[in-house]
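In what follows, every chain begins at residue 1, and chains take the letters A, B, ... in the order their sequences are listed. Small disclaimer: the values here were computed from a predicted structure and weren't measured.
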2 protein chains.
Amino acid sequence: MTKKSSSVTIRNVARQAGVSVATVSRYINHNAPVSPEVAERLIKVMAELNYLPHAAARHLATRKARVVGLLLTNMTNDYFAPLLNGIESVVSQHGYNLLVATHRSASNNDFQPPIGPHNTDGLLVFAASLKDEQLYQLHKKKFPVVLIHRTPPDDLPLPFVTVENKAATRAIIDHLIEVHGKRRIIFMRGPIHNEDSHWREMGYKASLQAHGIDYDPALVLAGEFERKVAQESMSTCLSSKYPEFDAVFAGDDEAAIGVFAALQQAGRRVPEEIAVAGFDDQRMSSFLNPPLTTVRAPTEEVGRVAGQQLFNLLQGLPVDPVSLLPTEIIIRRSCGCNH
Amino acid sequence: MTKKSSSVTIRNVARQAGVSVATVSRYINHNAPVSPEVAERLIKVMAELNYLPHAAARHLATRKARVVGLLLTNMTNDYFAPLLNGIESVVSQHGYNLLVATHRSASNNDFQPPIGPHNTDGLLVFAASLKDEQLYQLHKKKFPVVLIHRTPPDDLPLPFVTVENKAATRAIIDHLIEVHGKRRIIFMRGPIHNEDSHWREMGYKASLQAHGIDYDPALVLAGEFERKVAQESMSTCLSSKYPEFDAVFAGDDEAAIGVFAALQQAGRRVPEEIAVAGFDDQRMSSFLNPPLTTVRAPTEEVGRVAGQQLFNLLQGLPVDPVSLLPTEIIIRRSCGCNH
DNA sequence: CCGGTTAATGTAACCGGTTACATTATGGCA
DNA sequence: TGCCATAATGTAACCGGTTACATTAACCGG
């Protein structure tokens, strides 16, 4: 009965093949010539023993984990399937692995995030999954970080990738006002301090102002980019007399679903009575009832670009400090159009 | 100019605090008593130096990676957002990290999957992301594996978690036949060898047989559980005279969307002319136009249960060899009902 | 035939933790 | 007072790779 671990190591392979561990290592990494006979013996022995180099040992010796991390706040939004897909595709292309973790930056101050320099070579940080101070610390260590849907705090030259929010939102509000004659348009906010939400609100305000419509704080509701929250906000709003409104920009598609649900439950018709618009153009948005007028955000592309930037960073290649991916408004029926 | 790596190690901490590395290690892992004064000094020093134990070194020494892997074939289906969410929640609860990788078992035979014993403590294997032989190899090494939406090959006692497919599909086909008088029902298959698809087809056939309807191979189409594929299959089917049909069970909700699109494009009305049903009950399915009649699969719960089983395995706790989560049919409008 | 270059390989230190074992200090009890 | 159990800590080997440096063999031109 062998007490030894059942895992086969490079030394087993070396002994079995009658060479030194250095030779085996060199063969595996193809970073120094190995004689053909030895190579042949090695492939055979490695296959027989079913040898796989131990990732941690390698990581320790080379100081490369061959792993990148993705930090996000949660995964309850369908938005994340395409994002992950985009990221994963470039990560695997580079022969790396992807470590996924959720972390609320709001939680106990100095609670360390579960992924970082100790277990990855670089980090993709989504929105508010890390707080500024933690970003500063990572940067101080020269740790590669790319931000997604978030800009770096002052003086931190971290590359980030996000989508154009303000102009698209402005365009969609313009549409509601100009084409459909709406004047009382609800704006649903995302999570507090969410930058996308911020710029969408800027677009909203810009449009109102351009049309001489007063900004009414009563028309701003909490949607949180979550279906449930949006539904409740909408419901409580509906059950009170004031404010009256004739349209709602839901913040994102997910919240738009919640708005649909609340409106439907209250017997208000979309778009005849209330126009609704979202943001993201999720995969199913064109099949909703009614089809959702929204803004198309290239989510999978965001993932790919972010991944690509991170690998540029890792390889010392030039990096785009800002990747602002274009969006376009998608007019369907929920605004009252008949596309 | 220090050539040394910028990372701070346990030896730095030890020196700075005037103790040995063993003491630091013991404090970190709370596995042996440390005097209060030393503890106090350590927390201070560790905070000052911003010390984080190197995961690989730990992994190497303890032979525990504190990482579990999730292997899947792709992430192009919205189905995966809730699945990942369920898995991630239990993984992080246990203080572990999640490594996500895609891998087509169809690809070059002996091409090693990117995650396994060398970089994780256990694996969640989704559907056909690994082939039987690779499962045998993992099992030979006593490596913890839990299957998701897949049963183990013969004689392999791997725990698996999936959902009830056959009875639910049978119930929904029964419904189409009995309530809506459909007789020519298309069945869309998922990917080849997909077990869910297999059992759904069994349910389909069982229902037909029970109602004395002949099984017509011309009525089974390829849907692949992918929207695009389903749409094309449906379209080509529509453009040819034969077969006639009055309903389609799309295989899953994703494919149902494709069916909706094809039908709509061809000017066929759902459900007046053609009834449609799906499977999964994705988050948006109730908001489709028309709301989709489908089967609710507890996807997030599948993720949680699978994760839980894997941790039971890791901790030597008893494991349920099979977790068959219940499903229920959700009648909405796409079948012709008026809910 | 010899000094020097190059190809192929071996030896052993090192990466940063953990932990078996050894050591020292302290308090209890006969 | 002396002996032993126990608490707190230190030393060094070890986990499984990589790689600087050393070594040997082969080959080449003069």
Side-chain angles (χ1 to χ4, degrees), chain A residues 2-42 45-46 49-67 112 116-121 141, chain B residues 2-42 45-46 49-67 112 116-121 141:
Chain A
T2 34
K3 262 287 164 48
K4 297 197 70 170
S5 158
S6 61
S7 75
V8 7
T9 76
I10 199 175
R11 288 168 229 263
N12 299 327
V13 174
R15 184 165 349 104
Q16 188 87 359
V19 296
S20 75
V21 294
T23 302
V24 180
S25 175
R26 286 191 274 249
Y27 172 70
I28 292 171
N29 297 293
H30 300 102
N31 53 9
V34 163
S35 73
E37 315 90 74
V38 170
E40 197 179 346
R41 243 183 301 153
L42 282 178
V45 171
M46 284 172 47
L49 301 186
N50 212 274
Y51 171 70
L52 269 185
H54 193 285
R58 240 175 173 178
H59 180 183
L60 190 54
T62 62
R63 315 172 129 273
K64 302 215 130 298
R66 292 173 174 77
V67 169
Q112 293 285 354
H118 59 297
N119 54 7
T120 59
D121 296 333
K141 298 180 188 169
Chain B
T2 35
K3 262 287 164 50
K4 298 198 67 168
S5 157
S6 61
S7 75
V8 7
T9 76
I10 197 175
R11 288 170 229 263
N12 298 327
V13 175
R15 182 163 352 102
Q16 189 85 0
V19 297
S20 74
V21 294
T23 301
V24 180
S25 175
R26 287 190 274 250
Y27 172 71
I28 292 171
N29 297 293
H30 300 103
N31 53 10
V34 163
S35 72
E37 315 89 75
V38 170
E40 197 179 345
R41 243 182 302 153
L42 282 178
V45 171
M46 285 173 45
L49 300 186
N50 212 274
Y51 170 70
L52 269 184
H54 193 285
R58 236 174 176 179
H59 180 182
L60 191 54
T62 60
R63 311 168 135 280
K64 302 215 130 299
R66 293 174 174 77
V67 169
Q112 294 284 354
H118 59 298
N119 55 7
T120 59
D121 295 334
K141 297 181 190 169

Inset, instruction - Measure the shortest side-chain to side-chain distance between B/Ile28 and B/Tyr51 over non-hydrogen atoms and say whether it is less than 4.5 angstrom. - result: yes
Inset, instruction - Round to a whole Å and report the spacing from CG of A/Leu60 to P of C/dA13. - result: 17 Å
Legend entry - Donor-acceptor pair, side chain of A/Asp121 and main chain of A/Ala65, under 3.5 angstrom: yes
Legend entry - Residue pair B/Val24 / B/Leu42: nearest heavy atoms and the distance that separates them: CG2-CD2, 3.9 Å
Inset, instruction - Please determine if a side-chain N or O atom of A/Ser7 lies less than 4.0 Å away from the OP1 or OP2 oxygen of D/dG16. - result: yes
Legend entry - Rounded distance (Å) that lies between atom C1' of C/dT9 and atom CZ of A/Arg15: 18 Å
Legend entry - Most 5' of B/Gly18 and A/Leu52 on DNA chain D, judged by nearest nucleotide: B/Gly18
Inset, instruction - Please examine the side chains of B/Val8 and B/Asn50, heavy atoms only from C-beta on, and report whether any two atoms are closer than 4.5 Å. - result: no
Legend entry - Nearest non-hydrogen partners of B/Leu60 and A/Ala57, listed with the distance: CD1-CB, 3.9 Å
Inset, instruction - State, to 0.1 Å, how close A/His118 and A/His59 come at their nearest heavy-atom pair, and which atoms those are. - result: O-CE1, 4.0 Å
Legend entry - Nearest-angstrom distance from the residue atom NE2 of B/His118 to C1' of D/dC15: 17 Å
Listed pairs, N/O of protein and of nucleotides 4-8 of chain D, under 3.5 Å:
none

Legend entry - Interatomic distance where NE2 belongs to B/His30 and C1' belongs to C/dG17 [whole Å]: 17 Å
Legend entry - Spatial distance of atom CE (B/Met46) from atom CD1 (B/Ile10) [nearest 0.5 Å]: 8.5 Å
Legend entry - Sugar-phosphate or base contact per nucleotide [nucleotides 18-28 of chain D; S, B, -; heavy atom under 4.0 Å]: SB---------
Inset, instruction - For C/dT23, give its Watson-Crick or G-U wobble partner with both distances under 3.5 Å, or none. - result: D/dA8
Inset, instruction - Nearest whole angstrom, please: distance from the P of C/dA8 to the CG of A/Leu42. - result: 14 Å
Only pairs under 3.5 Å count here: list side-chain donor-acceptor contacts from residues 16-23 of chain A, not counting sequence neighbours, and write none if there are none.
{"from": "A/Ser20", "atom 1": "OG", "to": "A/Ala22", "atom 2": "N", "distance (Å)": "3.4"}
{"from": "A/Ser20", "atom 1": "OG", "to": "A/Thr23", "atom 2": "N", "distance (Å)": "3.4"}
{"from": "A/Ser20", "atom 1": "OG", "to": "A/Thr23", "atom 2": "OG1", "distance (Å)": "3.4"}

Inset, instruction - Give a yes-or-no answer on whether the side chains of B/Asn119 and A/Arg58 include a donor-acceptor pair shorter than 3.5 Å. - result: no
